[in-house]
Participant: 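Pasting a structure below so you can have a look.
Residue numbers start at 1 and run along the sequence shown.
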Amino acid sequence: MEKTIEWIKTNNFGYSKMIDQTLLPYIYKKISINSSKDMYSAIKTMIVRGAPAIGIAGAHGVVLGAIESLNCDNFVDNIKQIAQYINSSRPTAVNLNWAITEQLKVLEKNKNEDRRKIIELLIDNAIRLENEDIEINKKIGEFGSSIIPKGAAILTHCNAGALATVGWGTALGVVRSAYEKDKTIKVFADETRPRGQGARLTTYELTKDGIDTTLITDAMGAYFMRKKMIDVVVVGADRIALNGDTANKIGTYMVAIAAKYHNIPFYVAAPKSTIDSSIKTGNEIVIELRDEKEVSVINDKPICANGVNIINPSFDMTPSALITGIITEYGIFKPDEIHKLFTK
């Protein structure tokens, strides 16, 4: 499977290459990112999106910052400043901070080495994180496939697939692994307004894989649950608190409430790196507010009256009481058990 984002090595260290997800499903195009400012912009404007993929973008951003700092007087301090700048691009997905921290550990450990060697070590670590992401996702998929009944109809929200990671995916990784064992499963993908990641990206991925996929609007989930046309819900995550409270794309909370009412299992699929061990509950998660035009404009045309008030939170928080289980690379945990991953 082709990587969503990867570091391309060259004689002059290299550059980051990624799929421009703002163009999908109309145009498939990979772009090169050659500066830390361009990486900040790529993350901010959602050219690259999805918590794990954003994390890798952050790791690449540190490398780009190191290359830019090669001839600076304060090499190490300059890299740290650029890392902080990249980390400020999006506040909710904890994987960004996690991956940047992994890079800063390498920097701190080797800060007295030759500058060019430090850059090479940062590149090697970024590529390691890339490859591990795919391995982790496949483990999540394998564990998650065990909870998918034969012939099940799976509802997913937003895009937590290969495009949201380096490859394979978290929630869609569960779908892919289940599909390898059972070709009769099917997926209901809601559109995920306002940016339509479900409509644009999830359906793009799944139909390419030949998986039976039905697109529905965000308001239709409960209807199909009541009609007994949904067997299980699997979503991704951008940040998980130690008690299992989960931040994910706006609308996830609504889906979870409907699933609870209809006694439908609701699972979150995410790597350990998405669990923020520094926060106890979801009340501590910062929710990103995005541009109002994402809500009010479609295809460059306004869809509402001028002067109307608009609030555009990009994520919401689903309380752990609504979550059946959290699927990680270490197995499936009840929400109140995930703290055990940090006490081993």
Side-chain angles (χ1 to χ4, degrees), residues 1 25 50 134 136-165 167-192 197-237 246 248-249 251-271 318 322-335:
M1 177 176 288
I134 296 173
I136 287 168
N137 289 342
K138 290 196 172 182
K139 289 177 181 178
I140 290 171
E142 187 60 28
F143 282 119
S145 65
S146 67
I147 58 94
I148 305 298
K150 184 173 177 58
I154 306 161
L155 174 65
T156 190
H157 181 73
C158 196
N159 173 262
L163 292 167
T165 62
W168 199 250
T170 52
L172 293 195
V174 172
V175 171
R176 287 189 168 95
S177 295
Y179 183 71
E180 285 184 342
K181 301 174 183 178
D182 175 16
K183 296 295 191 271
T184 67
I185 66 164
K186 48 188 174 291
V187 174
F188 282 78
D190 61 29
E191 60 184 347
T192 324
Q197 295 99 323
R200 294 189 304 107
L201 306 179
T202 297
T203 63
Y204 174 82
E205 284 195 41
L206 295 181
T207 54
K208 279 186 66 176
D209 287 352
I211 299 173
D212 185 344
T213 305
T214 300
L215 175 65
I216 63 175
T217 69
D218 292 349
M220 292 178 182
Y223 170 86
F224 287 107
M225 290 179 186
R226 187 173 184 181
K227 299 278 284 185
K228 300 189 183 302
M229 294 174 68
I230 305 293
D231 298 298
V232 60
V233 180
V234 184
V235 301
T246 296
N248 193 49
K249 186 58 57 182
T252 304
Y253 183 24
M254 179 174 66
V255 173
I257 291 170
K260 186 75 170 180
Y261 181 83
H262 292 94
N263 295 313
I264 294 171
F266 181 96
Y267 286 91
V268 173
T318 299
L322 300 177
I323 299 171
T324 306
I326 298 174
I327 308 165
T328 76
E329 68 269 36
Y330 296 98
I332 303 174
F333 296 82
K334 293 180 180 179

Participant: Can we say E205 and R176 salt-bridge, meaning some charged N sits less than 4.0 Å from an Asp/Glu carboxylate O?
Facilitator: yes
Participant: Measure from the side-chain N and O atoms of N137 to the backbone N and O of G173, and report whether any donor-acceptor pair falls under 3.5 Å.
Facilitator: no
Participant: Kindly indicate, with the supporting measurements, whether the criterion side chain to side chain contact (heavy atoms under 4.5 Å, CB included) is fulfilled by V232 and Y267.
Facilitator: CA-CA 8 Å; V232 60; Y267 286 91; 3.9 Å; yes
Participant: Output yes when a side-chain donor or acceptor of D209 lies under 3.5 Å from a complementary backbone atom of I211, and no otherwise.
Facilitator: no
Participant: Working to the nearest 0.5 Å, report the span between NZ of K260 and CD1 of I323.
Facilitator: 10.0 Å
Participant: Starting at CD1 of I230, measure out to NZ of K186 and round the result to the nearest 0.5 Å.
Facilitator: 9.0 Å
Participant: List in chain and number order the residues that pass side chain to side chain donor-acceptor pair (under 3.5 Å) with T202, two or more places apart in sequence or in another chain; answer none if no residue qualifies.
Facilitator: N159
Participant: Are any side-chain N or O atoms of Y179 and backbone N or O atoms of G210, one a donor and one an acceptor, separated by less than 3.5 Å?
Facilitator: yes
Participant: Between atom CD1 of I136 and atom OG1 of T165, what is the distance when rounded to the nearest 0.5 Å?
Facilitator: 10.5 Å
Participant: Could you tell me whether the side chain of T156 and the main chain of V234 form a donor-acceptor pair under 3.5 Å?
Facilitator: yes
Participant: How many angstroms lie between atom CE of M229 and atom CD1 of I264, to the nearest 0.5 angstrom?
Facilitator: 11.5 Å
Participant: Do you know which two heavy atoms are closest between A160 and A164, and how far apart they sit?
Facilitator: CA-CB, 3.9 Å
Participant: Grab the two heavy atoms, one from I332 and one from I147, that are nearest each other, plus how far apart they are.
Facilitator: CD1-CG2, 3.6 Å
Participant: Using 0.5 Å steps for rounding, measure from the CG atom of D231 to the NZ atom of K150.
Facilitator: 13.0 Å
Participant: Does the D218 side chain pair with the main chain of G251, one donor and one acceptor, at a distance under 3.5 Å?
Facilitator: no
Participant: Is a donor on one side and an acceptor on the other found under 3.5 Å between the side chain of T252 and the backbone of K249?
Facilitator: yes
Participant: If the condition is salt bridge (charged side-chain N to carboxylate O under 4.0 Å, His left out), which residues does K227 pass it with, not counting sequence neighbours?
Facilitator: none
Participant: Got a second to check how far Q197's CD is from E191's CD, nearest 0.5 Å?
Facilitator: 10.5 Å
Participant: Only counting residues at least two apart or in another chain, list the ones meeting side chain to side chain donor-acceptor pair (under 3.5 Å) with E142.
Facilitator: K181
Participant: Look at atom CZ of F266 and say whether more than 12 heavy atoms of other residues, nucleotides or ligands are closer to it than 6.0 Å.
Facilitator: yes
Participant: So, D190 and T192: side-chain donor and acceptor under 3.5 Å apart, yes or no?
Facilitator: yes
